[in-house]
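One structure below.
Chain letters run A, B, ... following the sequence lines, proteins first, then strands; residues in each count from 1.
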Protein chains: 4
Amino acid sequence: MHNAPRPDPADTPGPLLDGQPEPRARRGRPVGNHEEKRTGLLKAVMSVIAREGYADTSMRKVAQQAGCTTGAVTYYFANKEEMVTAAARHLFDEFDILLHGGSDLDIGALIKEWLNLAKTDEADAWLALFQLMAHARHEPAFAKVFEERYARFREAFSSVLTRGQRDGTVRGDVEATVLADLICAMGDGWMMAKPIEPERFTDARKEALLAAVLTLIAPPPAR
Amino acid sequence: MHNAPRPDPADTPGPLLDGQPEPRARRGRPVGNHEEKRTGLLKAVMSVIAREGYADTSMRKVAQQAGCTTGAVTYYFANKEEMVTAAARHLFDEFDILLHGGSDLDIGALIKEWLNLAKTDEADAWLALFQLMAHARHEPAFAKVFEERYARFREAFSSVLTRGQRDGTVRGDVEATVLADLICAMGDGWMMAKPIEPERFTDARKEALLAAVLTLIAPPPAR
Amino acid sequence: MHNAPRPDPADTPGPLLDGQPEPRARRGRPVGNHEEKRTGLLKAVMSVIAREGYADTSMRKVAQQAGCTTGAVTYYFANKEEMVTAAARHLFDEFDILLHGGSDLDIGALIKEWLNLAKTDEADAWLALFQLMAHARHEPAFAKVFEERYARFREAFSSVLTRGQRDGTVRGDVEATVLADLICAMGDGWMMAKPIEPERFTDARKEALLAAVLTLIAPPPAR
Amino acid sequence: MHNAPRPDPADTPGPLLDGQPEPRARRGRPVGNHEEKRTGLLKAVMSVIAREGYADTSMRKVAQQAGCTTGAVTYYFANKEEMVTAAARHLFDEFDILLHGGSDLDIGALIKEWLNLAKTDEADAWLALFQLMAHARHEPAFAKVFEERYARFREAFSSVLTRGQRDGTVRGDVEATVLADLICAMGDGWMMAKPIEPERFTDARKEALLAAVLTLIAPPPAR
DNA sequence: TATGAATGAGTTTTCATTCAT
DNA sequence: TATGAATGAAAACTCATTCAT
């Protein structure tokens with residue numbers, strides 16, 4: 001039943017595009033660690049989404065990117081939705097780390113981070129995140145991931161702002177959570193706009209945008 | 001008799017799902033109803049994109065939504081990309097009208113418009129716009145549409161703000177174009193977040209967000 | 001998205017196995033009649049099921065058998081279940097005709113029909129019927145077809161028996177419907193056994209079986 | 001932590017679904033529990049076939065049902081065909097026991113047995129048997145098993161009938177082997193029909209069918 | 001202008017099978 | 001003896017596109 005020859009192009013592992021040390025396309029029980037490989041696949045998912053866009057992401061392409069067969073991909077993820085949800089979760093995990101490491105930063109630094117989101121190594125992550133958000137509405141499974149994680153994101157931001165208000169570096173006439181909402185929305189807006197017209201976000205413009213935000217949230221000058 | 005043929009579901013025109021009021025004969029030079037039907041199809045495209053998401057939009061579904069055959073769709077649009085680009089263009093045309101009609105509004109009203117973007121009749125338009133933006137990066141043909149039109153959008157906003165600055169209702173210590181950029185980014189952020197977690201945008205919250213923006217861009221209080 | 005070359009073996013129409021006059025693998029709107037082609041496909045389904053068994057029936061094989069592409073098959077049937085259900089319905093339609101044409105036969109002739117079910121031209125039909133029955137339990141869609149049609153089958157049989165009872169050619173001490181049930185069950189049993197061990201059903205044996213049934217249902221001899 | 005690996009569902013042993021009472025250490029020469037485990041697997045095969053139907057039976061599902069890994073299944077059976085053939089053989093072994101234990105029964109009891117084949121504990125066995133028969137024609141390996149074992153089955157039945165004829169409880173004008181053939185065919189027919197329309201086999205109907213068979217094979221009444 | 005049959009390449013998913021460990 | 005990662009082939013289904021009518 002399963003023995004006629006027809007080599008699926010994606011089932012003969014293509015050229016290694018990712019940096020796995022040595023994938024060894026051999027049969028039998030391999031040495032590698034499950035969790036490790038899974039993470040590798042998740043990275044591949046992310047970069048395919050970032051490069052091709054969500055609509056053109058297929059498990060085949062992911063397999064090719066990871067340098068393995070489609071079979072291997074479906075071995076790690078029951079189906080596409082699960083794969084993509086796992087990728088979303090993984091993405092947020094990365095941002096959580098970024099955020100925790102940066103919780104002692106001031107607001108300016110945080111916003112700068114956002115505006116610079118295309119710094120090559122993280123660029124894929126942000127690009128993918130946007131693509132995933134666009135589809136959150138239609139894949140309930142990861143709409144949930146978003147709600148949970150995004151809330152944490154906003155809270156972190158909001159607590160930094162509260163601290164700023166206590167310090168007197170942030171204006172006190174607008175509730176911190178509301179400010180956080182506004183700034184987060186702005187950040188999302190940039191995430192959406194930058195991939196489309198990156199040339200609009202020159203360094204000078206980014207400086208100006210950052211300065212403007214800081215001006216807006218600064219306490220009104222005592223005249 | 002007992003067993004009707006099942007041709008392609010999209011090839012047997014389904015019930016008219018869209019609410020076109022019937023291609024009415026117009027006064028004067030009879031404009032070929034080519035344009036009219038095309039517009040009808042564009043509406044269908046939009047509502048399919050809004051409902052299913054860009055990734056799950058197919059010409060078949062569009063045909064079904066419009067109540068015609070796939071053949072008809074490919075007759076009006078050479079291919080999918082053209083169809084989708086045309087839809088993007090059409091969307092922006094609608095927003096242009098909205099914007100021109102509203103150019104005498106004050107900033108508060110404009111922002112409110114954005115925050116309420118889910119008002120049922122326009123909801124589809126916004127939803128679709130967001131979906132299209134997510135793919136602008138991967139369909140160069142309509143990335144262009146976006147750059148052009150979005151620029152006009154921001155300019156319109158910016159001119160309203162400039163007027164506000166002259167009136168003294170908007171703070172003058174931040175350039176109007178920069179303010180426009182910030183507020184537009186915020187708007188985009190809401191457009192992205194609302195479909196995912198609509199419950200977060202209660203009327204009260206929307207009021208608070210609007211008030212906050214107005215507070216931020218108001219001139220610092222004279223003491 | 002849809003343009004890399006990888007000729008699916010079943011998508012390049014294979015050798016014509018069925019006797020279609022000329023399938024013309026050309027694009028564009030073909031001449032043929034929808035219903036006709038559908039019936040042709042149904043025949044192909046039947047012969048694949050008969051030849052390969054239900055478990056090894058695939059839409060690919062059906063396409064090959066019919067001399068068309070898999071796409072064409074899915075064009076006529078939304079999915080496998082629908083295809084197979086349609087085939088079941090079609091099969092029963094054929095038997096209905098057989099039965100109506102034979103309603104003036106006596107019981108002996110009807111049973112003989114059953115025992116000879118492997119007469120090459122109808123053999124496929126019976127073989128396929130058995131394969132389908134085996135799966136009726138797991139495909140609710142055509143379990144229904146079976147219940148409906150099979151009931152008619154038994155009724156037809158039962159009315160012939162009733163007539164026999166009135167004529168005095170069939171014993172009257174067992175209700176006709178019960179007798180019909182018994183004989184139908186027997187027929188099913190033969191349908192099941194014959195494909196497995198055809199050599200057991202020699203002409204002599206069939207004669208003996210038929211004679212035995214007739215003896216059993218004959219009125220007890222007046223002694 | 002939050003995100004456990006999802007290896008092949010059948011490769012992480014699920015909960016024991018079958019009711020094996022625990023491989024108990026036996027008295028005397030310890031028979032390697034290879035045979036025992038194999039038998040357990042065969043039970044699993046049977047219940048999967050019964051539940052899902054032959055076409056939807058996979059080695060994965062068998063592994064899950066048995067609560068072990070796919071590897072284990074392929075360790076015990078070289079391939080699917082062997083597995084399925086072994087299951088067939090095992091099934092017949094069970095029926096042989098049933099038959100030997102019942103060889104002193106009268107015909108009525110035997111037929112009753114058949115009509116009641118859905119008695120929950122044996123139901124699976126009958127269901128599976130039917131599924132396997134449907135495929136006997138296409139898996140020559142177990143078509144053989146069938147011919148051999150089925151012949152024994154019929155012989156056993158036939159000898160009971162012969163005894164009946166000697167006793168005068170069974171009519172003598174039809175050869176016992178022919179009678180056996182007829183009744184076996186009927187039994188097969190019921191096996192086929194019952195799963196599809198169980199509601200047709202009420203207790204009353206079963207009584208009537210049984211009574212009818214007994215009437216038919218009873219010696220013609222002396223007047 | 002519009003239809004709808006058919007193509008053919010793609011996608012997701014399932015699975016028997018292999019094999020290092 | 002048993003595991004479980006991975007392969008590779010197939011299956012079902014989807015879809016943009018073509019084109020005679």
Side-chain angles (χ1 to χ4, degrees), chain A residues 1-8 10-13 23-32 34 37 58-61 68-76 78-81, chain B residues 7-8 10-13 32-34 37 58-61 68-76 78-81 83, chain C residues 1-13 23-32 34 37 58-61 68-76 78-81, chain D residues 7-8 10-13 32-34 37 56 58-61 68-76 78-81 83:
Chain A
M1 214 152 142
H2 280 290
N3 17 15
R6 182 182 58 91
D8 186 328
D11 278 353
T12 37
R24 320 269 268 97
R26 257 202 273 128
R27 286 295 192 92
R29 185 173 212 177
V31 265
H34 185 96
K37 166 114 191 203
S58 71
M59 300 183 86
R60 283 254 253 273
K61 284 177 186 164
C68 64
T69 58
T70 36
V73 177
T74 55
Y75 176 72
Y76 282 89
N79 51 43
K80 198 188 179 184
E81 193 183 334
Chain B
D8 189 325
D11 278 351
T12 36
N33 65 356
H34 181 95
K37 169 122 188 198
S58 70
M59 299 183 82
R60 301 260 261 259
K61 284 177 185 164
C68 65
T69 58
T70 28
V73 178
T74 52
Y75 177 75
Y76 282 91
N79 53 41
K80 198 188 179 184
E81 194 185 334
M83 176 183 87
Chain C
M1 213 153 139
H2 279 294
N3 17 14
R6 182 183 58 89
D8 186 327
D11 277 352
T12 36
R24 320 268 268 97
R26 256 200 274 129
R27 287 295 191 93
R29 186 172 211 177
V31 265
H34 185 96
K37 167 113 190 204
S58 70
M59 299 183 87
R60 285 254 251 273
K61 283 177 187 165
C68 63
T69 58
T70 36
V73 178
T74 54
Y75 176 72
Y76 281 89
N79 51 43
K80 198 188 179 183
E81 193 183 334
Chain D
D8 189 323
D11 278 352
T12 37
N33 64 356
H34 181 95
K37 168 122 189 198
D56 291 328
S58 70
M59 298 184 82
R60 302 259 260 257
K61 285 178 186 164
C68 65
T69 59
T70 29
V73 177
T74 53
Y75 177 74
Y76 282 91
N79 52 41
K80 198 188 180 184
E81 194 184 335
M83 176 183 87

Check whether any side-chain nitrogen or oxygen of [X] sits under 4.0 Å from OP1 or OP2 of [N], and answer yes or no.
{"X": "C:S58", "N": "F:dA11", "result": "yes"}
{"X": "D:Y75", "N": "E:dT18", "result": "no"}
{"X": "B:H34", "N": "E:dT1", "result": "yes"}
{"X": "D:R60", "N": "E:dC15", "result": "no"}

Nearest to the side chain of B:T69 - F:dA16, E:dG4, E:dG8?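 So the nucleotide nearest the side chain must be E:dG4.
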Would you kindly give the [atom1]-to-[atom2] distance between [X] and [N], to the nearest whole Å?
{"X": "B:Y76", "N": "E:dT3", "atom1": "OH", "atom2": "P", "result": "9 Å"}
{"X": "D:K37", "N": "F:dT1", "atom1": "NZ", "atom2": "C1'", "result": "9 Å"}
{"X": "C:M59", "N": "E:dA6", "atom1": "CE", "atom2": "C1'", "result": "14 Å"}
{"X": "B:M83", "N": "F:dT17", "atom1": "CE", "atom2": "C1'", "result": "13 Å"}

How close do C:V73 and C:M59 get, heavy atom to heavy atom, and via which atoms?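 Answer, listing the atom of C:V73 first, then C:M59: CG1-CE, 3.8 Å.
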Just name whichever nucleotide pairs with F:dA10, Watson-Crick or G-U, keeping both distances under 3.5 Å, else none.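 Here F:dA10 is engaged in a pair, and the nucleotide opposite it is E:dT13.
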May I ask which nucleotide in the shown strands pairs with E:dA20, Watson-Crick or G-U wobble, both distances under 3.5 Å?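 Pairing partner: F:dT3.
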Return the 5'-most residue of the pair B:T74, D:N79 with respect to DNA chain E, ranking by each residue's nearest nucleotide.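 Looking at the nearest nucleotide for each, B:T74 comes out on the 5' side.
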When the nearest nucleotide of DNA chain F is assigned to B:E81 and to A:A72 on a heavy-atom basis, which residue is associated with the more 5' position?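 Whichever sits nearer the 5' end wins; that is A:A72.
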Whether A:Y76 and A:H34 hold their rings parallel, tilted or perpendicular, with breakpoints at 30° and 60°: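 Aromatic pair A:Y76/A:H34 classed tilted.
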